[in-house]
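In each ligand, atom 1 is the first atom listed, and ligand 1 is the first ligand listed. For the numbers below, each heavy atom of this structure counts, side chains included, while hydrogens, waters and symmetry mates do not.
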Amino acid sequence: MEYEVVIGLEVHVELATNSKIFCSCSAKYGAEQNEHVCPACCGMPGMLPIVNKKVVDLGMTAGMMLNCHINRTTTFDKKNYYYPDLPGAYQTTQLFAPICVNGRVDIETSKGKKSVRIKQIHMEEDAGKLVHDDWRDLTMVDYNRTSVPLVEIVSQPDLSSAEEVVAYLERLRSLLRFAKVSDCRWEQGSMRCDVNLSVREKGSDKLGVRTEMKNMNSLAAITRAIEYETARHIDAIVNKTEELVQETRRWDDEKGKSFAMRTKETAGDYRYFPDPNVMPVVIDDVWYDRIKATLPEFPEIKKQRYMEELGLGDFDASSLVESRAFCDVFEEAYAECGLAKDVANWILKDCANLLNKKQMTADMLAIDGRALGKLIKLVADEKVGRANAKFILAEIFEGATDPEKIAEEKGFIVSNDTGLIEKVVAEIVAADPKSVADYKGGKEKAFMALFGKCMRELRGNCNPQVLRELLLKEIEKA
Ligand code: ZN
Ligand code: MN
(Lines give C-alpha, C1' and ligand atoms only; values in the text may rest on other atoms or scores of the structure.)
(Ligands and ions follow the chains in the order given, each with its own letter.)
Protein backbone atom coordinates (compact mmCIF):
# COMPACT_ATOMS: atom_id res chain seq x y z
CA MET A 1 0.00 0.00 0.00
CA GLU A 2 1.26 3.46 -0.84
CA TYR A 3 0.55 6.45 1.37
CA GLU A 4 0.49 10.17 0.77
CA VAL A 5 0.74 13.08 3.16
CA VAL A 6 -1.71 15.98 3.08
CA ILE A 7 -0.54 19.28 4.58
CA GLY A 8 -2.23 22.61 5.24
CA LEU A 9 -0.44 25.54 6.86
CA GLU A 10 -1.36 28.33 9.22
CA VAL A 11 1.26 31.04 8.93
CA HIS A 12 1.36 33.91 11.42
CA VAL A 13 3.12 37.05 10.25
CA GLU A 14 3.75 40.10 12.43
CA LEU A 15 2.85 43.27 10.56
CA ALA A 16 5.39 46.05 10.06
CA THR A 17 3.44 48.74 11.92
CA ASN A 18 4.84 51.24 14.40
CA SER A 19 2.07 50.74 16.91
CA LYS A 20 -0.08 47.88 18.17
CA ILE A 21 -3.41 46.83 16.69
CA PHE A 22 -5.83 48.51 19.13
CA CYS A 23 -3.73 51.02 21.12
CA SER A 24 -0.86 53.41 20.50
CA CYS A 25 1.85 51.37 22.26
CA SER A 26 4.97 50.70 20.18
CA ALA A 27 4.96 47.38 18.31
CA LYS A 28 8.75 47.31 17.92
CA TYR A 29 10.74 44.23 18.81
CA GLY A 30 13.55 44.25 21.35
CA ALA A 31 12.47 46.59 24.18
CA GLU A 32 12.90 46.01 27.91
CA GLN A 33 10.30 43.64 29.31
CA ASN A 34 6.88 45.26 29.75
CA GLU A 35 8.09 48.60 28.38
CA HIS A 36 5.44 48.75 25.62
CA VAL A 37 2.25 48.30 27.61
CA CYS A 38 -0.88 50.28 28.52
CA PRO A 39 -4.24 49.49 30.11
CA ALA A 40 -5.75 48.62 26.71
CA CYS A 41 -3.21 45.97 25.65
CA CYS A 42 -3.02 44.64 29.20
CA GLY A 43 -6.71 43.79 29.03
CA MET A 44 -7.91 46.11 31.80
CA PRO A 45 -11.69 46.18 32.07
CA GLY A 46 -13.50 49.03 30.38
CA MET A 47 -10.84 49.87 27.80
CA LEU A 48 -12.09 50.43 24.27
CA PRO A 49 -9.99 49.16 21.37
CA ILE A 50 -9.56 51.36 18.27
CA VAL A 51 -8.48 49.63 15.06
CA ASN A 52 -5.09 50.76 13.73
CA LYS A 53 -5.76 51.67 10.07
CA LYS A 54 -2.27 50.65 9.02
CA VAL A 55 -3.10 47.08 10.09
CA VAL A 56 -6.01 47.05 7.64
CA ASP A 57 -3.75 48.56 4.93
CA LEU A 58 -1.23 45.76 5.39
CA GLY A 59 -3.90 43.06 5.68
CA MET A 60 -5.30 44.21 2.35
CA THR A 61 -1.82 44.39 0.83
CA ALA A 62 -1.10 40.81 1.91
CA GLY A 63 -4.36 39.67 0.35
CA MET A 64 -3.70 41.45 -2.92
CA MET A 65 -0.18 39.97 -3.15
CA LEU A 66 -1.71 36.50 -2.66
CA ASN A 67 -4.52 36.94 -5.19
CA CYS A 68 -7.28 37.03 -2.57
CA HIS A 69 -10.74 38.49 -2.65
CA ILE A 70 -10.93 41.40 -0.18
CA ASN A 71 -14.05 41.51 2.00
CA ARG A 72 -15.19 45.12 1.88
CA THR A 73 -16.87 44.79 5.27
CA THR A 74 -14.69 42.97 7.75
CA THR A 75 -15.41 42.35 11.43
CA PHE A 76 -13.59 41.25 14.57
CA ASP A 77 -14.50 38.42 16.94
CA LYS A 78 -13.47 37.26 20.38
CA LYS A 79 -11.72 33.91 20.72
CA ASN A 80 -12.01 33.00 24.37
CA TYR A 81 -9.47 30.99 26.30
CA TYR A 82 -7.49 31.40 29.48
CA TYR A 83 -3.72 31.51 29.47
CA PRO A 84 -1.33 33.78 31.42
CA ASP A 85 0.11 35.40 28.26
CA LEU A 86 -3.39 36.57 27.30
CA PRO A 87 -4.37 39.19 29.89
CA GLY A 88 -7.98 39.70 28.71
CA ALA A 89 -8.61 35.94 28.51
CA TYR A 90 -9.69 36.38 24.90
CA GLN A 91 -7.91 37.10 21.65
CA THR A 92 -9.44 39.61 19.27
CA THR A 93 -9.33 37.92 15.88
CA GLN A 94 -11.53 37.39 12.82
CA LEU A 95 -13.70 34.33 12.27
CA PHE A 96 -16.97 35.31 10.58
CA ALA A 97 -15.80 37.92 8.05
CA PRO A 98 -12.00 37.83 7.67
CA ILE A 99 -10.39 40.55 5.57
CA CYS A 100 -9.27 38.24 2.72
CA VAL A 101 -10.60 34.96 1.29
CA ASN A 102 -9.98 32.63 -1.65
CA GLY A 103 -6.42 33.38 -2.72
CA ARG A 104 -3.69 31.53 -4.55
CA VAL A 105 0.09 31.22 -4.32
CA ASP A 106 2.06 29.66 -7.17
CA ILE A 107 5.10 27.59 -6.27
CA GLU A 108 7.72 25.62 -8.14
CA THR A 109 9.53 22.49 -6.91
CA SER A 110 11.52 19.65 -8.46
CA LYS A 111 8.12 18.13 -9.35
CA GLY A 112 7.03 21.19 -11.31
CA LYS A 113 4.59 24.05 -10.82
CA LYS A 114 1.64 24.04 -8.46
CA SER A 115 -0.97 26.43 -7.13
CA VAL A 116 -1.66 26.44 -3.42
CA ARG A 117 -5.10 27.78 -2.53
CA ILE A 118 -5.40 30.28 0.31
CA LYS A 119 -8.55 29.75 2.36
CA GLN A 120 -8.39 33.06 4.18
CA ILE A 121 -6.22 35.74 5.76
CA HIS A 122 -7.40 37.23 9.01
CA MET A 123 -6.12 40.03 11.21
CA GLU A 124 -5.58 39.42 14.91
CA GLU A 125 -3.57 40.39 17.95
CA ASP A 126 -0.54 38.49 19.17
CA ALA A 127 -0.30 37.14 22.72
CA GLY A 128 2.39 38.02 25.27
CA LYS A 129 5.42 35.92 26.01
CA LEU A 130 6.15 33.70 28.99
CA VAL A 131 9.74 33.87 30.17
CA HIS A 132 10.88 30.88 32.21
CA ASP A 133 13.59 31.37 34.81
CA ASP A 134 14.71 27.87 35.80
CA TRP A 135 17.27 29.22 38.25
CA ARG A 136 14.68 30.96 40.41
CA ASP A 137 11.95 28.47 39.46
CA LEU A 138 9.76 31.31 38.22
CA THR A 139 7.78 32.05 35.11
CA MET A 140 7.34 35.68 34.23
CA VAL A 141 5.18 37.30 31.61
CA ASP A 142 6.22 39.98 29.15
CA TYR A 143 3.30 41.88 27.61
CA ASN A 144 5.32 43.80 25.00
CA ARG A 145 4.13 41.44 22.29
CA THR A 146 0.52 41.48 23.48
CA SER A 147 -1.65 43.10 20.78
CA VAL A 148 1.14 43.35 18.26
CA PRO A 149 -0.74 43.03 14.96
CA LEU A 150 -0.63 39.80 12.99
CA VAL A 151 -2.15 38.34 9.92
CA GLU A 152 -2.79 34.61 9.90
CA ILE A 153 -2.61 33.10 6.42
CA VAL A 154 -4.54 29.84 6.23
CA SER A 155 -3.92 27.57 3.24
CA GLN A 156 -6.11 24.75 1.97
CA PRO A 157 -4.58 21.26 2.47
CA ASP A 158 -2.92 21.44 -0.95
CA LEU A 159 0.68 20.64 0.01
CA SER A 160 2.06 17.14 -0.21
CA SER A 161 5.73 17.22 0.83
CA ALA A 162 8.22 19.10 2.97
CA GLU A 163 9.78 20.41 -0.23
CA GLU A 164 6.49 21.98 -1.28
CA VAL A 165 6.00 23.47 2.17
CA VAL A 166 9.43 25.10 2.04
CA ALA A 167 8.79 26.45 -1.48
CA TYR A 168 5.44 27.85 -0.34
CA LEU A 169 6.90 29.51 2.77
CA GLU A 170 9.79 31.02 0.82
CA ARG A 171 7.38 32.40 -1.76
CA LEU A 172 5.14 33.88 0.97
CA ARG A 173 8.15 35.44 2.66
CA SER A 174 9.45 36.95 -0.55
CA LEU A 175 6.07 38.44 -1.53
CA LEU A 176 5.29 39.83 1.92
CA ARG A 177 8.74 41.35 2.35
CA PHE A 178 8.53 42.90 -1.08
CA ALA A 179 5.21 44.49 -0.26
CA LYS A 180 6.63 45.63 3.12
CA VAL A 181 3.88 43.78 4.97
CA SER A 182 6.37 42.22 7.39
CA ASP A 183 10.08 41.61 7.81
CA CYS A 184 9.23 37.87 8.12
CA ARG A 185 12.11 36.89 10.41
CA TRP A 186 11.88 33.33 11.65
CA GLU A 187 14.56 33.91 14.28
CA GLN A 188 12.65 36.80 15.87
CA GLY A 189 9.33 35.05 15.58
CA SER A 190 7.85 37.60 13.18
CA MET A 191 7.00 34.64 10.93
CA ARG A 192 5.72 31.41 12.49
CA CYS A 193 4.13 28.37 10.96
CA ASP A 194 1.80 25.67 12.30
CA VAL A 195 1.66 22.49 10.24
CA ASN A 196 -1.61 20.55 9.91
CA LEU A 197 -0.78 17.10 8.62
CA SER A 198 -2.56 13.84 7.89
CA VAL A 199 -1.73 10.68 5.95
CA ARG A 200 -4.03 8.63 3.71
CA GLU A 201 -3.89 5.85 1.16
CA LYS A 202 -2.65 7.22 -2.11
CA GLY A 203 -5.54 8.23 -4.34
CA SER A 204 -8.16 8.15 -1.56
CA ASP A 205 -10.44 11.17 -1.28
CA LYS A 206 -10.91 10.77 2.46
CA LEU A 207 -8.57 12.62 4.84
CA GLY A 208 -6.85 10.75 7.66
CA VAL A 209 -6.57 11.83 11.31
CA ARG A 210 -5.02 15.29 11.43
CA THR A 211 -2.44 16.56 13.88
CA GLU A 212 -1.22 20.12 14.25
CA MET A 213 2.44 20.81 14.99
CA LYS A 214 3.83 23.97 16.56
CA ASN A 215 7.19 25.35 17.67
CA MET A 216 9.33 25.08 14.55
CA ASN A 217 11.71 28.04 14.33
CA SER A 218 13.32 27.59 10.93
CA LEU A 219 12.68 26.04 7.54
CA ALA A 220 15.08 23.23 8.43
CA ALA A 221 13.11 22.48 11.62
CA ILE A 222 9.85 22.50 9.63
CA THR A 223 11.31 19.99 7.17
CA ARG A 224 12.48 17.69 9.99
CA ALA A 225 9.15 17.98 11.77
CA ILE A 226 7.16 17.07 8.65
CA GLU A 227 9.38 14.09 7.90
CA TYR A 228 9.15 12.80 11.48
CA GLU A 229 5.40 13.30 11.74
CA THR A 230 4.71 11.64 8.36
CA ALA A 231 6.71 8.58 9.43
CA ARG A 232 4.90 8.47 12.78
CA HIS A 233 1.51 8.54 11.08
CA ILE A 234 2.41 5.82 8.56
CA ASP A 235 3.88 3.68 11.34
CA ALA A 236 0.69 4.06 13.35
CA ILE A 237 -1.49 3.12 10.37
CA VAL A 238 0.62 0.22 9.07
CA ASN A 239 2.05 -1.27 12.25
CA LYS A 240 -0.68 -0.16 14.65
CA THR A 241 2.03 1.20 16.98
CA GLU A 242 -0.38 3.74 18.44
CA GLU A 243 -3.81 5.17 17.87
CA LEU A 244 -3.73 8.49 16.05
CA VAL A 245 -5.85 11.19 17.64
CA GLN A 246 -6.64 14.69 16.52
CA GLU A 247 -4.39 16.82 18.69
CA THR A 248 -1.90 19.66 18.88
CA ARG A 249 1.72 18.56 19.16
CA ARG A 250 4.87 20.41 20.09
CA TRP A 251 7.97 19.88 17.95
CA ASP A 252 11.20 19.47 19.93
CA ASP A 253 13.96 20.12 17.42
CA GLU A 254 16.75 19.00 19.75
CA LYS A 255 15.16 15.62 20.41
CA GLY A 256 13.92 15.39 16.80
CA LYS A 257 10.46 14.33 18.00
CA SER A 258 6.96 15.72 18.41
CA PHE A 259 5.10 15.47 21.72
CA ALA A 260 1.38 15.67 22.45
CA MET A 261 0.46 19.07 23.92
CA ARG A 262 -3.32 19.03 24.11
CA THR A 263 -6.17 17.31 22.36
CA LYS A 264 -7.30 19.49 19.52
CA GLU A 265 -9.84 22.11 20.38
CA THR A 266 -12.69 22.69 17.98
CA ALA A 267 -14.00 26.16 17.18
CA GLY A 268 -16.77 25.49 19.71
CA ASP A 269 -14.28 25.27 22.56
CA TYR A 270 -13.34 28.90 22.02
CA ARG A 271 -16.92 30.24 22.19
CA TYR A 272 -16.24 32.67 19.37
CA PHE A 273 -18.59 35.64 19.21
CA PRO A 274 -18.51 39.06 17.51
CA ASP A 275 -16.47 41.55 19.55
CA PRO A 276 -19.03 44.21 20.45
CA ASN A 277 -16.30 46.75 21.21
CA VAL A 278 -14.74 46.83 17.75
CA MET A 279 -16.68 48.50 14.96
CA PRO A 280 -16.87 46.71 11.58
CA VAL A 281 -14.29 48.04 9.14
CA VAL A 282 -15.76 49.15 5.81
CA ILE A 283 -13.30 49.42 2.93
CA ASP A 284 -14.56 51.84 0.27
CA ASP A 285 -13.30 52.10 -3.31
CA VAL A 286 -10.98 55.00 -2.52
CA TRP A 287 -9.23 53.04 0.23
CA TYR A 288 -9.11 49.86 -1.87
CA ASP A 289 -7.65 51.69 -4.88
CA ARG A 290 -5.11 53.53 -2.76
CA ILE A 291 -3.69 50.22 -1.50
CA LYS A 292 -3.88 48.61 -4.95
CA ALA A 293 -1.74 51.48 -6.29
CA THR A 294 1.04 50.78 -3.77
CA LEU A 295 1.57 47.12 -4.75
CA PRO A 296 5.15 46.42 -5.89
CA GLU A 297 6.23 44.61 -9.01
CA PHE A 298 6.63 40.89 -8.22
CA PRO A 299 10.31 40.05 -7.60
CA GLU A 300 10.66 37.72 -10.60
CA ILE A 301 9.24 40.42 -12.91
CA LYS A 302 11.66 42.97 -11.52
CA LYS A 303 14.53 40.55 -12.01
CA GLN A 304 13.59 39.97 -15.63
CA ARG A 305 13.31 43.72 -16.24
CA TYR A 306 16.73 44.36 -14.67
CA MET A 307 18.24 41.77 -16.99
CA GLU A 308 16.41 42.58 -20.21
CA GLU A 309 16.07 46.35 -20.00
CA LEU A 310 19.05 47.33 -17.87
CA GLY A 311 21.48 44.64 -18.98
CA LEU A 312 22.32 43.19 -15.57
CA GLY A 313 23.56 39.61 -15.31
CA ASP A 314 21.57 36.86 -13.59
CA PHE A 315 23.67 36.98 -10.42
CA ASP A 316 23.39 40.74 -9.89
CA ALA A 317 19.67 40.81 -10.69
CA SER A 318 18.90 37.85 -8.41
CA SER A 319 20.94 39.33 -5.56
CA LEU A 320 19.18 42.71 -5.83
CA VAL A 321 15.66 41.25 -5.77
CA GLU A 322 16.47 39.39 -2.56
CA SER A 323 15.75 42.69 -0.82
CA ARG A 324 13.12 45.32 -1.53
CA ALA A 325 15.40 47.96 0.04
CA PHE A 326 18.19 47.05 -2.39
CA CYS A 327 15.74 47.38 -5.31
CA ASP A 328 14.48 50.77 -4.13
CA VAL A 329 17.99 52.21 -3.74
CA PHE A 330 19.07 50.60 -7.02
CA GLU A 331 16.20 52.14 -8.97
CA GLU A 332 16.69 55.61 -7.47
CA ALA A 333 20.43 55.57 -8.09
CA TYR A 334 19.99 54.24 -11.61
CA ALA A 335 17.50 57.01 -12.41
CA GLU A 336 20.16 59.52 -11.33
CA CYS A 337 23.23 58.14 -13.13
CA GLY A 338 22.03 55.62 -15.73
CA LEU A 339 24.86 53.17 -14.91
CA ALA A 340 23.08 49.95 -13.94
CA LYS A 341 26.11 47.69 -13.55
CA ASP A 342 28.02 50.27 -11.47
CA VAL A 343 25.03 50.80 -9.19
CA ALA A 344 24.63 47.03 -8.71
CA ASN A 345 28.32 46.77 -7.75
CA TRP A 346 28.15 49.62 -5.27
CA ILE A 347 25.08 48.15 -3.60
CA LEU A 348 26.05 44.49 -3.59
CA LYS A 349 29.68 45.07 -2.55
CA ASP A 350 30.22 48.43 -0.84
CA CYS A 351 26.80 48.92 0.74
CA ALA A 352 26.63 45.24 1.70
CA ASN A 353 30.02 45.63 3.44
CA LEU A 354 28.83 48.64 5.41
CA LEU A 355 25.62 46.82 6.41
CA ASN A 356 27.69 43.87 7.49
CA LYS A 357 29.97 45.98 9.67
CA LYS A 358 26.95 47.41 11.44
CA GLN A 359 25.30 43.99 11.71
CA MET A 360 22.36 45.20 9.68
CA THR A 361 20.37 43.13 7.19
CA ALA A 362 19.84 43.95 3.51
CA ASP A 363 16.33 45.17 4.24
CA MET A 364 17.74 47.82 6.57
CA LEU A 365 19.54 49.68 3.77
CA ALA A 366 18.01 53.14 3.97
CA ILE A 367 20.34 55.46 2.09
CA ASP A 368 19.35 58.20 -0.34
CA GLY A 369 19.50 56.41 -3.72
CA ARG A 370 19.87 59.70 -5.59
CA ALA A 371 22.97 60.55 -3.55
CA LEU A 372 24.46 57.16 -4.43
CA GLY A 373 23.67 57.83 -8.10
CA LYS A 374 25.39 61.23 -7.92
CA LEU A 375 28.44 59.68 -6.29
CA ILE A 376 28.67 56.99 -8.98
CA LYS A 377 28.47 59.71 -11.61
CA LEU A 378 31.30 61.65 -9.95
CA VAL A 379 33.48 58.53 -10.13
CA ALA A 380 32.47 57.74 -13.72
CA ASP A 381 33.24 61.33 -14.75
CA GLU A 382 36.63 60.96 -13.03
CA LYS A 383 35.92 63.84 -10.67
CA VAL A 384 36.43 61.69 -7.57
CA GLY A 385 38.74 58.67 -7.21
CA ARG A 386 37.20 55.26 -6.47
CA ALA A 387 39.01 54.90 -3.13
CA ASN A 388 37.95 58.33 -1.89
CA ALA A 389 34.40 57.67 -3.07
CA LYS A 390 34.17 54.93 -0.45
CA PHE A 391 34.67 57.52 2.30
CA ILE A 392 31.87 59.56 0.79
CA LEU A 393 29.62 56.49 0.68
CA ALA A 394 30.19 56.01 4.40
CA GLU A 395 28.81 59.54 4.93
CA ILE A 396 25.83 58.86 2.66
CA PHE A 397 25.25 55.83 4.84
CA GLU A 398 24.96 58.17 7.81
CA GLY A 399 22.37 60.28 6.01
CA ALA A 400 24.38 62.67 3.83
CA THR A 401 22.74 63.59 0.53
CA ASP A 402 25.23 65.77 -1.39
CA PRO A 403 28.36 63.81 -2.39
CA GLU A 404 29.85 66.68 -4.39
CA LYS A 405 29.78 68.97 -1.38
CA ILE A 406 31.46 66.30 0.78
CA ALA A 407 34.09 65.78 -1.93
CA GLU A 408 34.88 69.49 -1.93
CA GLU A 409 34.99 69.73 1.86
CA LYS A 410 37.30 66.75 2.18
CA GLY A 411 39.51 67.77 -0.73
CA PHE A 412 38.49 64.74 -2.79
CA ILE A 413 38.11 66.51 -6.14
CA VAL A 414 40.43 65.01 -8.75
CA SER A 415 42.88 67.59 -10.00
CA ASN A 416 43.60 68.03 -13.70
CA ASP A 417 46.69 69.99 -12.77
CA THR A 418 49.38 67.88 -14.49
CA GLY A 419 51.98 70.30 -13.16
CA LEU A 420 51.15 69.20 -9.60
CA ILE A 421 51.20 65.52 -10.58
CA GLU A 422 54.55 65.91 -12.34
CA LYS A 423 56.00 67.60 -9.26
CA VAL A 424 54.87 64.78 -6.95
CA VAL A 425 56.06 62.10 -9.37
CA ALA A 426 59.49 63.72 -9.65
CA GLU A 427 59.85 63.89 -5.86
CA ILE A 428 58.82 60.27 -5.28
CA VAL A 429 61.01 58.91 -8.04
CA ALA A 430 64.02 60.93 -6.83
CA ALA A 431 63.54 59.71 -3.26
CA ASP A 432 63.32 56.00 -4.12
CA PRO A 433 66.09 54.98 -6.52
CA LYS A 434 65.88 51.37 -5.30
CA SER A 435 62.29 50.87 -6.53
CA VAL A 436 63.19 52.56 -9.80
CA ALA A 437 66.13 50.17 -10.26
CA ASP A 438 63.98 47.17 -9.28
CA TYR A 439 61.37 48.12 -11.82
CA LYS A 440 63.93 48.58 -14.55
CA GLY A 441 65.28 45.16 -13.55
CA GLY A 442 61.88 43.64 -14.34
CA LYS A 443 59.97 43.82 -11.04
CA GLU A 444 56.39 44.93 -11.84
CA LYS A 445 55.65 45.20 -8.12
CA ALA A 446 58.14 48.00 -7.71
CA PHE A 447 56.13 50.09 -10.14
CA MET A 448 52.96 49.55 -8.13
CA ALA A 449 54.81 50.64 -4.97
CA LEU A 450 55.85 53.91 -6.61
CA PHE A 451 52.38 54.37 -8.07
CA GLY A 452 50.82 53.85 -4.62
CA LYS A 453 53.16 56.38 -3.02
CA CYS A 454 52.27 59.01 -5.63
CA MET A 455 48.55 58.31 -5.27
CA ARG A 456 48.80 58.68 -1.50
CA GLU A 457 50.74 61.91 -1.84
CA LEU A 458 48.02 63.19 -4.17
CA ARG A 459 45.39 61.96 -1.69
CA GLY A 460 43.77 59.87 -4.39
CA ASN A 461 42.69 62.93 -6.32
CA CYS A 462 44.22 62.02 -9.61
CA ASN A 463 43.24 60.21 -12.75
CA PRO A 464 45.08 56.85 -12.48
CA GLN A 465 45.73 56.74 -16.23
CA VAL A 466 47.37 60.17 -16.24
CA LEU A 467 49.44 59.29 -13.18
CA ARG A 468 50.56 56.03 -14.77
CA GLU A 469 51.77 57.80 -17.93
CA LEU A 470 53.59 60.58 -16.09
CA LEU A 471 55.21 58.11 -13.71
CA LEU A 472 56.45 55.91 -16.57
CA LYS A 473 57.87 58.97 -18.26
CA GLU A 474 59.69 60.06 -15.10
CA ILE A 475 61.16 56.56 -14.56
CA GLU A 476 62.44 56.55 -18.14
CA LYS A 477 64.31 59.75 -17.38
CA ALA A 478 65.76 58.53 -14.10
ZN1 ZN B 1 -1.06 49.34 24.69
MN1 MN C 1 -3.97 32.72 14.95
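- Take the N/O/S atoms of Glu124: the one nearest the Mn ion (ligand 2) is OE2.
- For residue Cys25, an N/O/S atom approaches the Zn ion (ligand 1) to within less than 2.8 Å.
- Between Phe397 and Lys357 the shortest side-chain heavy-atom distance does not fall below 4.5 Å.
- Backbone or side-chain N, O or S atoms of Cys38 reach the Zn ion (ligand 1) at under 2.8 Å.
- Taking 2.8 Å as the criterion, His122 does not count as a coordinating residue of the Mn ion (ligand 2), since none of its N, O or S atoms falls below it.
- Contact annotation: Glu152 places an N, O or S atom under 2.8 Å from the Mn ion (ligand 2).
- Side-chain atoms of Lys20 and Thr146 form no donor-acceptor pair, as typed in the model, at a separation below 3.5 Å.
- For Cys23 atom SG and Cys41 atom SG, the angle they make at the Zn ion (ligand 1) is roughly 110°, to 10 degrees.
- In summary, Lys302 and Glu300 do not engage in a salt bridge, as defined by a charged side-chain N under 4.0 Å from a carboxylate O.
- Remark: Asp402 does not engage Lys405 in a salt bridge, criterion side-chain N to carboxylate O under 4.0 Å.
- With respect to Asp106 and Lys114, no salt bridge is recorded, no charged nitrogen being found less than 4.0 Å from a carboxylate O.
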